[in-house]
Amino acid sequence: MSEALVCAQNPVCLVGGGELSIKDLEDVERFAPTVVAADGGAAHVLASGRHPVAVIGDFDSLDDATRRRIPAERLHHIPEQESTDFDKALRRISAPLVVGLGFLGARIDHQLAALNTLVRHADRACVLVGALDVIIGLPPRLSLNLLPGTPVSIFPMAAVTGRSEGLQWPIDGLHFAPDGRSGTSNRATGPVTIEMHDPGAIGLFPRSTLEAVTRALLRADATRWPARA
């Protein structure tokens, strides 16, 4: 893991330069009060009347006017071009949970890169929040208190297997792969437990489940995958 630039005891709100609204920030800030910006996401934070505790990125989308409004000691320039700004920031935040805004919507290639980062850093507890969905890299075990009929999708970014309780169509015995079977458009019959045998799958849930998802990832008994070497 890269050396942490931001250390927080509470969840962190990480803001990117993509689509988001002031309400998005308000919704997330209730339980993730520390706000960090990934590169151009700093403009969103300042426009909302807030100030990021840190700005992390290669600064190719951080305009001069925004940069001048942020104290120099909060600017963390990481010039390498081998990773995205989301990746750079996520690796340098030490917190029980990172909630990402401004990484979904708009350009498909940016969204795919964000999902790639989720599964490559499966040891990190992170939720990406979009206009309609919340997305996580599925941990070894996830238990959610969902209402019957709540949409639940599992999409493999690698070859994975698992088991489930509380899904209308159980995933037990199924083999998922990016070029094979996916688990989209499933539904909860009530509380759901998903156990994955391998890292590499993402879970997609309605935006209305944001609080339930964050609570599940913050549980004292929440499991994590080991960090990659």
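Remember, predicted model here, so these are calculated numbers, not experimental data.
- Not counting sequence neighbours, the partners of T66 by the side-chain hydrogen bond (donor to acceptor under 3.5 Å, both in side chains) test are D63.
- Looking at every heavy atom in both residues, P11 comes nearest to P96 through N-CG, 4.0 Å.
- Listed by first and then second residue, the ring pair (Phe, Tyr, Trp, His ring centres under 6.0 Å) pairs involving residues 102-127 are F86-F103 (not counting sequence neighbours).
- For the pair Q81 (side chain) and P79 (backbone), a donor-acceptor distance under 3.5 Å is present.
- Closest approach of P191 and N145 over heavy atoms only: CG-OD1, 3.6 Å.
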Without placing hydrogens or testing angles, list every side-chain donor-acceptor pair under 3.5 Å for residues 168-181, not counting sequence neighbours.
| from | atom 1 | to | atom 2 | distance (Å) |
| --- | --- | --- | --- | --- |
| Q168 | OE1 | R187 | NE | 3.1 |
| Q168 | OE1 | R187 | NH2 | 3.1 |
| D172 | OD1 | S164 | N | 3.1 |

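- Between the side chain of R207 and the backbone N or O of G130, at least one donor-acceptor pair lies under 3.5 Å.
- A donor atom on one side chain and an acceptor atom on the other are found under 3.5 Å apart for D24 and S21.
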Enumerate donor-acceptor pairs with a distance under 3.5 Å from any side-chain N or O in residues 36-45 to protein atoms, sequence neighbours excluded.
| from | atom 1 | to | atom 2 | distance (Å) |
| --- | --- | --- | --- | --- |
| D39 | OD1 | S61 | N | 3.4 |
| D39 | OD1 | S61 | OG | 3.2 |
| D39 | OD1 | L62 | N | 3.1 |
| D39 | OD2 | F59 | N | 2.7 |
| D39 | OD2 | D60 | N | 3.2 |
| H44 | NE2 | G17 | O | 3.4 |
| H44 | NE2 | G18 | O | 2.9 |

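- R224 is linked by a salt bridge (Lys or Arg N to Asp or Glu O under 4.0 Å) to nothing, counting only residues two or more places apart in sequence or in another chain.
- In terms of modelled atom types and a separation under 3.5 Å, the side chain of W225 and the main chain of L138 share a donor-acceptor contact.
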* **Derivation and outcome, salt bridge (Lys or Arg N to Asp or Glu O under 4.0 Å), residues R215 and E211** => CA-CA 6 Å; R215 283 182 177 178; E211 186 172 349; 2.7 Å; yes
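- A donor-acceptor pair under 3.5 Å links the side-chain atoms of D85 to the main chain of D58, judged by distance alone.
- Panel note: side chain T84, backbone D87; a donor-acceptor pair is recorded below 3.5 Å.
- Note on residues 64-83: pairs passing salt bridge (Lys or Arg N to Asp or Glu O under 4.0 Å), not counting sequence neighbours, are E80-K88, E80-R91.
- A salt bridge does not link R141 with D221: none of the charged nitrogens is closer than 4.0 Å to a carboxylate oxygen.
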